[in-house]
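Okay, structure first, notes after.
Just so it is clear, the model here is predicted, and its values are computed rather than measured. Here is the naming used below: chain letters follow the sequence lines, and residue numbers restart at 1 for every chain.
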Amino acid sequence: MNRENQPVYLRELNPEQYNAVIHTGSPLLILAGAGSGKTRVITTKIAYAVDALGVSPESILAVTFTNKAALEMKTRVFSMCARAGGVMIRTFHSFGAWLLRTYGGNIGIAPAFLIYDEDDSLAFLKRELRENYGAAQIKQYLSWIQRAKDLGLGPEDDLKRVSHDRHLPGIFAAYQERLATTGNLDFGDLIMKSIELLRRRPDTKQAVRERFGMVLVDEYQDSNVAQFKLLQEVCGDDTYLCVVGDDDQSIYKFRGAEVENILGFPEQFPRTRVIRLEQNYRSTRKILEAASAVVSHNKNRLGKTLTTVNNEGREIVVAYLQDYTEEAEFCAEVINRNGAEETAVLYRMNYQSRHFEELFLRMGIPYRIVGTQRFYEREEIKDALCYLALLINPQDELAFLRVVNKPPRGIGRVSLEKIVDRHGQGHEDWIACCRNPQEGLSKKAAAGIRDFISCLDFLAAALEKETLSHFIHVLIERTGLLACYEQKDAEAGTAKASNLLELINAAMPYPAARAGLLQFLENTLLNSPEMKDPEKGKVTLITVHNTKGLEFERVVITGLEEGVFPSFPGTDPEDTSTEEIEEERRLFYVGITRAKKELYLTSCRRRALYGRYITSRPSRFLTEIPGHLVREYEGKSVTAYKARNEDEFCRGARVFHDDYGYGVVIKNESKGEHSLVTVRFDTGRSARFIPAYSSLVRIKEEY
DNA sequence: CAAGATGTAATTTTT
DNA sequence: TTACATCTTG
């Protein structure tokens with residue numbers, strides 16, 4: 001075919017990418033391997049549809065999972081095609097919010113609803129359950145409710161797939177009811193209510209289907225059942241639907257992601273055309289080969305063969321180390337040799353970052369940590385946002401309870417209880433409830449309430465007069481939040497006051513008054529800019545989950561030990577289900593494929609757990625990488641600990657045990673799977689161990 | 001009503 | 001070990 005006359009962005013594509021871009025006429029599933037130019041294809045496809053096919057930008061809907069992805073897609077589409085400004089590029093939740101604000105009135109949803117995040121939901125459920133349940137149980141129930149919503153199930157549905165708990169349906173129903181009295185929605189509702197809207201109102205469904213003739217979904221492997229149902233409602237027979245994803249990179253099962261969505265897409269949508277993107281542009285051959293070998297151990301996958309024309313590259317370095325201190329030292333060494341920029345240290349769990357932070361701080365290695373706490377989740381920001389929320393919606397119970405005594409106004413638990421009781425009797429909102437004379441309140445509390453009300457009145461008036469940004473400035477001063485946190489900052493060395501001031505800047509782009517405030521609140525929550533822009537010259541500390549969509553020259557994946565990576569909390573490693581292991585393996589696969597040129601894997605012999613050392617075994621994933629791709633790190637620690645082979649505890653070997661201390665192996669018998677080792681300790685005692693189940697470590701002879 | 005004391009639990013996390 | 005949540009005391 002003649003591609004000479006086509007725009008540059010088309011000529012740069014490989015044949016599969018090209019076919020995916022120009023395809024029309026049936027549902028399309030693009031199976032895009034890691035580093036295969038997935039985002040490029042989806043953005044080019046949008047540009048091409050507008051430019052070459054004459055599709056109206058307003059009729060295109062592109063859905064992603066993260067704000068970051070949405071933002072990136074917007075930027076890339078607009079840079080390719082200026083006319084694409086009208087394309088709707090949103091996250092699933094943001095799309096739901098749009099749908100409900102636009103048409104929600106048809107099913108009785110007030111367009112000015114606020115969105116409760118997970119913390120809010122939990123606080124909410126706590127109010128419902130705290131009399132009879134512990135914190136852990138409440139969390140469990142919330143998690144079940146969320147899972148149910150992920151599956152598109154309401155309180156009245158059969159919840160057996162979520163849990164057999166007898167009380168769940170009742171608690172779920174009570175939660176929904178309580179939420180309804182505030183008029184607000186939680187994250188799950190943004191999807192659930194959208195489905196309900198389109199099902200109950202054929203007129204709305206028709207309007208939506210007429211508007212969106214072309215729908216694209218990115219990261220489809222992480223969609224859940226509810227999102228699939230929503231997609232089914234949005235897409236009619238005439239809608240062109242294209243989904244992009246990689247079943248090997250599905251890592252959010254614990255959040256309700258349903259790999260079946262992508263695996264079963266061709267059956268769900270008849271006449272589906274499947275295009276595979278298997279050409280990798282990111283990694284060296286060795287890295288890619290390792291990644292493929294590892295993930296090929298998974299059974300539940302479509303299977304694809306990634307190839308690359310890139311160089312073979314260096315061997316993968318595997319370092320067996322003594323403990324997390326040595327691991328941090330190893331990372332420091334990698335960084336000092338190669339530079340911090342374009343280097344990432346990956347770990348399975350957030351708390352693992354501490355060891356790296358400590359050492360890097362001491363050694364003066366510049367680093368940044370990605371994705372610990374979101375801006376809007378900060379205590380002080382949340383306080384300010386709750387004042388704002390209360391101004392928009394005086395029914396907002398949660399917001400009221402959070403800020404009524406913040407900063408302290410002398411309204412304690414007892415006084416609050418009385419107000420809550422009083423509110424429960426009438427049907428006035430929280431502010432009206434406080435406005436009326438309070439009986440039985442202490443003088444102090446009554447004064448506090450009066451103060452609170454006059455503060456809110458002042459703010460309500462200010463909201464109409466000031467720009468939003470200035471209004472927020474007024475708010476944090478008039479409420480006393482700023483002063484309160486300035487004092488706390490001085491005591492605790494935090495930076496909460498400056499975060500509050502940051503909020504003033506964040507509000508700059510928004511219009512004034514209620515309308516602007518509403519937009520601002522939604523954007524803070526649903527489009528909160530995460531501070532993920534790679535700063536120059538710093539090493540990146542990041543969880544493996546958070547690396548999705550990123551790439552680095554050099555990657556160190558740390559903590560490759562059974563129980564850490566793969567992780568299986570609370571479960572016996574022996575009976576961990578294969579499904580769980582496969583998800584962990586996919587996560588490892590994601591980690592490996594982030595590396596462009598160099599990959600390092602570290603595994604520790606001992607790890608500190610809640611102040612105690614426990615021995616761990618190397619991750620099974622390490623054995624899944626073909627030996628010829630790997631070079632074992634031979635640093636200072638090699639003498640202390642080498643990969644365990646039969647000789648590790650041979651007769652005469654010097655060993656250390658957590659409880660017994662130092663000793664010498666005097667006998668080594670093989671018994672089936674495990675060897676039985678007899679040790680005489682320096683204290684004179686002897687004991688027998690199965691090394692696999694003990695904390696026995698081989699050490700250097702000198703010790 | 002607010003600061004200290006004791007107890008308990010401990011993944012990953014888009015929105 | 002540490003972080004937090006709930007309980008007790010000033």
Rounded C1' spacing from B:dT12 to C:dA5 in Å = 23 Å
Rounded distance (Å) that lies between atom C1' of B:dT11 and atom CZ of A:Arg354 | 16 Å
Taking the six-membered ring for Trp, are the ring centroids of A:Phe356 and A:Tyr367 within less than 6.0 Å of each other?
-> no
How long is the line joining CG of A:Asp120 and P of B:dT15, in whole Å?
-> 15 Å
Starting at the 5' end of DNA chain B and moving along, which residue's nearest nucleotide shows up first, A:Leu587 or A:Asn405?
-> A:Asn405
Please report, rounded to the nearest Å, how far the P atom of B:dT12 is from the CZ atom of A:Arg585.
-> 21 Å
Rounded to whole Å, the CG-C1' distance (A:Leu122 to B:dT13) equals 15 Å
Between A:His545 and A:Tyr252, is the gap from one ring center to the other below 6.0 Å?
-> yes
Nearest-Å distance, CD (A:Gln352) to C1' (B:dT11)?
-> 10 Å
Round to the nearest Å and state the distance from A:Ile115 atom CD1 to B:dT15 atom P.
-> 12 Å
Atom CZ of A:Arg607 and atom P of B:dA10: how far apart are they, to the nearest Å?
-> 15 Å
Grab the CD-P distance between A:Glu561 and B:dT12 for me, whole Å please.
-> 15 Å
Any side-chain heavy-atom pair of A:Asp189 and A:Asn184 under 4.5 Å | no
Phosphate oxygens OP1/OP2 of B:dT11: is one of them under 4.0 Å from a side-chain N or O of A:Asn350?
-> no
Could you say whether the aromatic ring of A:Phe254 and the base of B:dT12 stack, counting only centre distances under 5.5 Å and plane angles under 30°?
-> yes
A:Lys253 backbone acceptor or donor facing A:Glu583 side chain under 3.5 Å = yes
Reckon A:Glu118 touches a base, only the sugar-phosphate, or nothing at all at heavy-atom distances under 4.0 Å?
-> base
Of A:Thr543 and A:Pro408, whose nearest nucleotide on DNA chain B comes first from the 5' end?
-> A:Pro408
Measure up the A:Trp430 and A:Phe400 rings against each other and bin them: parallel (under 30°), tilted (30 to 60°), perpendicular (over 60°).
-> parallel
